[in-house]
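Have a look at the structure below before the remarks.
Atoms within a ligand are numbered from 1 in the order they appear, just like the ligands themselves.
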Amino acid sequence: MLSHLRTRKNPPSEEVAEASESPPAVRLRGARLSYGQRVLWRDLDLDVAPGEFLAVLGPNGSGKTSLLRVLLGTTPLTEGSVHIAGEPAHRGNERIGYIPQQRSLQDSLTLRGSDLVGLGLDGHRWGTGLRGRRERAERVHDALRSVDATDYAKTPLGLLSGGEQQRLRVAQALVSDPRVLLCDEPLLSLDPSYQHRVSGLIARQARRTGASVLFVTHEINPVLPVVDRVLYLVDGRFRVGTPDEVMNSETLSELYGTEVEVARVGGKLVVAGAEAEQQHHVHEGGWT
Ligand SMILES: Nc1ncnc2c1ncn2[C@@H]1O[C@H](COP(=O)(O)OP(=O)(O)OP(=O)(O)O)[C@@H](O)[C@H]1O
């Protein structure tokens, strides 16, 4: 396994530096997840620090979503331990903001964008008075504005495009200022300009509030400028390290057990080699 040493592209602010005195936002020790004979990953030791942005990569079925479920407390580890901000992972953890893998919200014909974002504040105490209600409304409004969704905040969700729905999910996950942000392919359905915007927004939120980000993605290039480290899962094995440490021909060839070539072309990473290529290009292109 490569070094767990963190190198930051973006030096932490004072707030984040203070937060980094606290326990790691996410800590896995000796973690193994198996379904029957199938081991998704094993011997996983991972600390994700406050303010850190970790990209989680790997082919279909390598256990990326399952890792997020373990952190959400909805899937138990087969072996080992998992802590969120020093506490064992558990369901309904208010410290976690979650952007689930995209599902269509076609059925939610009556719910509107502002309602969906407001649900991200459920469980938080805002009081029943005017001040509490006003503050709550402001938080929802700010979150909607941050993803450029104010124009359609009152439109029923079922009438919105996939990309518009996705921006609302991002706002919902960010509105409560969570300590840990779990993002399951949040760039799907977004066109390249919104991919850039949403990944920048999530990274800025992490720096501003000290939130730790675990960001599952099939395509690293849109997030490369903001990634601190990469966790790459393949067929029960994994590597963790900076993008340079992991995204190179030697490491990926070892991980895939076949020859993989990684090159930088115009600031982008290009991965060549049957399985890896499929992983890195399966979702390439623009979506609307
Ligand atoms: N409850 C379960 N019981 C048995 N197998 C499961 C269960 N949940 C997930 N799996 C299997 O574990 C594997 C990993 O699933 P997971 O969704 O974590 O993969 P992933 O890396 O997120 O894949 P993708 O890139 O396709 O979204 C899959 O083969 C899946 O079928």
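- Listed by first and then second residue, the side-chain hydrogen bond (donor to acceptor under 3.5 Å, both in side chains) pairs involving residues 63-79 are R32-E79, T65-D184 (not counting sequence neighbours).
- Scanning all protein heavy atoms for the shortest distance to atom 23 (O) of ligand 1 gives G61 N, 2.8 Å.
- No side-chain donor from either of Q172 and R169 sits under 3.5 Å from a side-chain acceptor of the other.
- Test V223, D148, I99, L190 against V198 for side-chain contact (heavy atoms from CB on, under 4.5 Å) and you get one pass: L190.
- A heavy-atom separation below 4.0 Å is not found between G58 and ligand 1.
- Of all protein heavy atoms, the one lying nearest to atom 9 (C) of ligand 1 is Y35 CE1, 3.5 Å.
- Atom 31 (O) of ligand 1 is not flagged as protein-proximal [any protein heavy atom, distance under 4.0 Å].
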When you look at F215 and F53, which way does the ring-ring contact (aromatic ring centres under 6.0 Å, His included) test go after all the steps? CA-CA 7 Å; F215 194 102; F53 193 114; 5.2 Å; yes
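- Under the 3.5 Å distance criterion, with hydrogens and angles disregarded, no donor-acceptor pair is assigned to the side chains of N93 and E87.
- Interface atoms of ligand 1 facing P59, defined by a heavy-atom separation under 4.0 Å, are 21 (O).
- Nearest to atom 25 (O) of ligand 1 among the protein's heavy atoms is K64 NZ, 2.8 Å.
- Only the side chain of L40 comes within contact range of ligand 1, with a heavy atom under 4.0 Å; no backbone atom does.
- For the residue pair S193/D191, the side-chain donor-acceptor check at 3.5 Å is satisfied.
- Qualifying side chain to side chain contact (heavy atoms under 4.5 Å, CB included) partners for A89, counting only residues two or more places apart in sequence or in other chains: V82, I84.
- For atom 17 (O) of ligand 1, the closest heavy atom belonging to the protein is T65 CB, 3.6 Å.
- Ligand 1 places these atoms under 4.0 Å from at least one heavy atom of Q101: 27 (O).
- S66 OG, 3.6 Å is the protein heavy atom nearest to atom 16 (P) of ligand 1.
- Note that the CD atom of E135 and the CZ atom of R139 stand 6.5 Å from one another [nearest 0.5 Å].
- Nearest non-hydrogen protein atom to atom 29 (O) of ligand 1 is R38 NH1, 2.6 Å.
- A donor and an acceptor atom, one from each side chain of E219 and N221, are located under 3.5 Å apart.
- The protein heavy-atom contact nearest to atom 24 (P) of ligand 1 is N60 ND2, 3.6 Å.
- Here is the list of ligand 1 atoms found below 4.0 Å of a heavy atom in H218: 25 (O).
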